[in-house]
Structures are given as structure tokens and as C-alpha cells.
Amino acid sequence: MKIGYPCINRSIGCRGDRTFRLASFTSERFHQTVRENLDCLQQMLIYNVNHEIRFFRISSNLIPFASHDVCDIPWQSIYGPQFREIGAYIRTNNIRISMHPGQFTVINSPDEEIVERSRRELLYHSEVLDLMELDRTAKIQIHIGGVYGDKETAKRRFIRNFNRLDEAIRKRLVIENDDVNFTVQDCLAIASELNIPVLFDIFHHKLLPDGRSVLQAMLDTAATWREIDGLPMIDYSSQADGEKSGKHSNEIERKDFSYFLRLLNVADFDVMLEIKDKEASALNAVNLAASEPRFIAAERQQIYRWIHQSGKTIERKGKQHDSTRANRRVKQSVTA
DNA sequence: CCCTGTCAAGTCACG
DNA sequence: CGTGACTTGACAGGG
């Protein structure tokens, strides 16, 4: 198991996701920002290795406007040497890498132009990973997309459009359950047709359950990852205390995470912590995992209940207007 | 310095 | 119909 955090490190004084306004796009501005982002990426990776954090999500902002018409700069060749250097560091230190394109990447859209823009955005992501010469365990995770009033048709269109994507994209693409439209079950159905992995998001699953227990969802999604894809990835986060249902918590909750850790004894994953305070939680998580306490019999019942909560205890936002009540319910179901 | 309107992109739900 | 939310709030202009 590796533990990681997404995109930015808040304690080293640089960010790897600097960008600028489209209106202020110039060659100078572009190069300045890309240099800054790549240098910072190297610093973040070094920080991670020094702190035993061996999983990292690279920001989609690494190369701003990379897939936009405005960008005719051959960044692939210009920054090729630095990409190879970063890739060598990643391989040497056995770091797992993922990327997660934005919500504008929708390959099941009925609008062909949106599909094409999405393809170009995905191509940019695959180029970054290819330039680093990473094997196909470096993944690009996306959601299925929109429903457009007919989920089955939307799923069929995802499958059809996936098959039209470049091989460089297809070999890295993994699909993730979301919190409003497509469940783990939906993703598994699509994945079995396309023979691609499903990345399990545990928090989304609690917000949009499909009847599976957390453990069952972990086992079923893990089974979609072949040897060549690497260890299954999982997105871990939990409910922000006292906030609207669906909001990620600001820091890791030790108890919830320690229960989660027990499940990793059953099915091994690389764990991405989608938590606001980033590397701070990753450090905590690494320490918690390192000091993984022995399984205590007295906790068996609690852990069993945690494993088997299907998510029905959490109301969807919107249907539950009294969010504090929903949040209290979430908390109870986790800590009961 | 601080304030704030706005930002490449899509979809959906809320009010 | 306008706004917020989403993997990540930050940029940029004005006071």
C-alpha cells in the first residue's frame, strides 16, 4: 500500500498548479509558468520521498492550456529532458502516479465537439505521463460523464467513444464512480465491456450507493485491475464535520481512517487522500499506517459495522435539507 | 496592501 | 434562468 495526496503541497512554498488567464496568454507567460510548475513538481516529489509518501496525483494545470487552440508551443519537445528527468526520479523512487482531468472532460457527451475537446485534453494527460516514460501503472482517472436523461444510452455512448480514443489514452484510462450519476455498479458494467479498471471512490460510494458494502465494492473494483495496471487505486475522503453533506473534510479523521486501514488487510490498494490539508493528512496517514495497531477483538463489531455500512445511512444532499442532521448521522454511522 | 469580479472547458440540481 | 458544486480557489485589475 502507498499513500498519497493530490496536486499541491501547502508546506514547501511553491505550487505545481500555477496558471493564468487565457486573456494573458503569451509565450513568455506560458514558459514562465511551466518552468515554475515543473520545478515545483520536482520539489514536491522530493518532499514526498523524504516523508515516505509514494503516491502522488499530478495537477492537470501542470501545462496550462496544453490542449487549447491558443497553445501552439511544442512544450513536449522543449520540456522533454526535464520530463524524462522527473520520470527517472519517479521510477527510481518507486512512486505511483495518477492524474485526474477536470469535470470538463466528458467523453460520453452527445456533442461531438465536446468529445473531441475531451479527447485532446486526455491526450495532453497521456503525453505528460509518456514523456516521463512511466509504465501503464500511471493512470488517468475520469468520471463517466453526463446522463442526458437516459443513463443506459449515456453508458453505451461512453463505451463507443472510449473505443475511438487513442491507444495512448486507452491504456491509462480508469473510470471512477461519482457522487450523483454513475455508481460503482455502473462503472463495473462499463469496465467489464471495455476491460479497463475501476477506481473506487469510497466517499462517492457513500453518497451514491449501489447496494454494495464498502468491502464488497473494494473487492469488486480491485478485481478489475490486472497486473499490468498496477495495484488498484482508491480515493479516500470523509465527510466534513458540521458541513453540508458531500463536502470533503479538512483533515483526516483518525478513527475513520484506522477502520479503513483494516480493510486494506483484506484488499491492498494505493490510497489517494482527497482531503483539504493535503500533505499534512498524508503524513498523518503514513504514520497511522506505520503504527497500524493489532486487530483488537473488542473492535471487531465496530469494524464489521463500518465495513458493511452500505451508504444508506447518508442522505443525498438536496433531499435532506437539514444538513446538520445528515452530518450527525454520517458521524454516528462511522463512529457508532 | 486588500477587495472582488471573474475565470477554457460540462453537467446537474437547487432556488 | 442564474448559481454553486465538482479533483484543485486563484488570477488580475482596481482601489
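Fair warning: this is a prediction, and the values are worked out from it, not measured in the lab.
Here, C:dA5 and C:dA10 have their P atoms 15 Å apart, quoted to the whole Å. With both ends at atom C1', the span from B:dC2 to C:dT8 equals 24 Å, rounded to whole Å. Straight-line distance between the C1' atoms of C:dC11 and B:dA8: roughly 14 Å, to the nearest whole Å. Comparing B:dA9 with C:dA12, their P atoms are spaced 16 Å from each other, to the whole Å. Spacing of P atoms, B:dC7 relative to C:dG2, comes out at 15 Å, to the nearest Å. Rounded to whole Å, the C1' atom of B:dC3 lies 26 Å from the corresponding atom of C:dC6.
Salt-bridge formation is detected for the pair A:Arg164/A:Glu112: a Lys NZ or Arg NE/NH1/NH2 atom is positioned less than 4.0 Å from an Asp or Glu carboxylate oxygen. One finds no salt bridge joining A:Asp270 and A:Arg54 here, because no Lys/Arg side-chain nitrogen approaches an Asp/Glu carboxylate oxygen to under 4.0 Å. Under 4.0 Å is where a charged nitrogen must lie from a carboxylate oxygen, and between A:Glu193 and A:Arg156 at least one such pair does. The pair A:Asp186-A:Lys155 meets the salt-bridge criterion, with a side-chain N (NZ, NE, NH1 or NH2) lying under 4.0 Å from an Asp/Glu carboxylate O.
Ring planes of A:Phe20 and A:Phe25: tilted class, angle from 30 to 60°. Ring geometry for A:Phe56 against A:Tyr5 counts as perpendicular: the plane angle is over 60°, on a 0 to 90° scale with 30° as the lower cut.
Residues A:Val106, A:Tyr148 make up the rest of the hydrophobic cluster containing A:Ile114, defined by ILVMFWY side-chain heavy atoms closer than 4.5 Å, directly or through other members. Grouping Ile, Leu, Val, Met, Phe, Trp and Tyr residues whose side-chain heavy atoms lie under 4.5 Å apart, directly or via other members, places A:Met233 in a hydrophobic cluster with A:Phe55, A:Val174, A:Leu199, A:Trp225, A:Met272.
Contacts of residues 269-284 of chain A with DNA chain B (heavy atom under 4.0 Å): none. If you check residues 108-120 of chain A against DNA chain B, the residues with a heavy atom closer than 4.0 Å are A:Ser109, A:Ile114, A:Arg117, listed by number. Residues from residues 45-73 of chain A that place a heavy atom under 4.0 Å from any atom of DNA chain B, listed by number: A:Phe65, A:Ser67, A:His68. Remark: nothing in residues 162-176 of chain A comes within less than 4.0 Å of DNA chain B through any heavy atom.
Checked against the 6.0 Å centroid criterion, the rings of A:Phe30 and A:Phe65 do not qualify as a close aromatic pair. The distance between the ring centers of A:Phe182 and A:His143 does not fall below 6.0 angstrom. In this structure, A:Phe203 has its ring center at least 6.0 angstrom away from the ring center of A:Tyr236.
Between the P atom of C:dG4 and the CG atom of A:Asp179 lies a distance of 18 Å, rounded to the nearest Å. What separates OH of A:Tyr148 from P of B:dA13 is a distance of 12 Å, to the nearest Å. Between A:His143 atom NE2 and B:dC12 atom C1' the separation is 14 Å, expressed in whole Å. The separation between A:Asp201 atom CG and C:dC6 atom P is 12 Å, rounded to whole Å. The separation between A:Phe25 atom CZ and B:dA8 atom P is 12 Å, rounded to whole Å. Summarising the geometry, the separation between CG on A:Leu208 and C1' on B:dC12 is reported as 13 Å, rounded to the nearest angstrom. Rounded to whole angstrom, the span from the CZ atom of A:Phe104 across to the C1' atom of B:dA9 amounts to 5 Å. Rounded to whole Å, the distance from CD1 on A:Ile144 to C1' on B:dC12 is 16 Å.
Using a 4.0 Å heavy-atom distance criterion, A:Gly146 is classed as a sugar-phosphate-only contact. No contact: A:Asp235 has no heavy atom under 4.0 Å from any strand.
For the strand DNA chain C, secondary-structure stems (runs of at least three Watson-Crick or G-U pairs, all distances below 3.5 Å) span B:1-7 with C:9-15, B:10-15 with C:1-6.
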Begin from the C-alpha positions of A:Val115 and A:Arg120 and carry the test side chain to side chain contact (heavy atoms under 4.5 Å, CB included) through to its verdict.
CA-CA 9 Å; A:Val115 176; A:Arg120 286 169 52 188; over 6 Å; no

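Contact check, A:Arg18 against C:dC11: a side-chain N or O comes under 4.0 Å of OP1 or OP2.
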Between the protein and nucleotides 12-14 of chain C, list the N/O to N/O atom pairs that are separated by less than 3.5 angstrom.
from: C:dA12; atom 1: OP1; to: A:Arg21; atom 2: N; distance (Å): 2.8
from: C:dA12; atom 1: OP1; to: A:Ser24; atom 2: OG; distance (Å): 2.5
from: C:dA12; atom 1: OP2; to: A:Arg29; atom 2: NH1; distance (Å): 3.2
from: C:dA12; atom 1: OP2; to: A:Arg29; atom 2: NH2; distance (Å): 2.5

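For the side chain to side chain contact (heavy atoms under 4.5 Å, CB included) test with A:Arg57, the passing option among A:Asp235, A:Ile97, A:Leu273 is A:Asp235; the others fail.
Residues A:His51 and A:Glu279 form no side-chain contact, since every pair of their non-hydrogen atoms from C-beta on lies 4.5 Å or further apart. In this structure, A:Ile73 and A:His31 have side chains that are in contact, with non-hydrogen atoms separated by less than 4.5 Å.
By the side-chain hydrogen bond (donor to acceptor under 3.5 Å, both in side chains) test, A:Ser118 is found to be paired with no residue, residues two or more places apart in sequence or in another chain being considered. With sequence neighbours left out, the disulfide (SG to SG under 2.5 Å) criterion links A:Cys71 to no other residue. Under the side-chain hydrogen bond (donor to acceptor under 3.5 Å, both in side chains) criterion, A:Arg15 pairs with A:Asp17, not counting sequence neighbours.
More than 12 non-hydrogen atoms from other residues, nucleotides or ligands lie less than 6.0 angstrom from CD of A:Glu167.
Pairs of residues two or more places apart, or lying in two chains, never qualify as disulfide (SG to SG under 2.5 Å) while including a residue from residues 127-211 of chain A.
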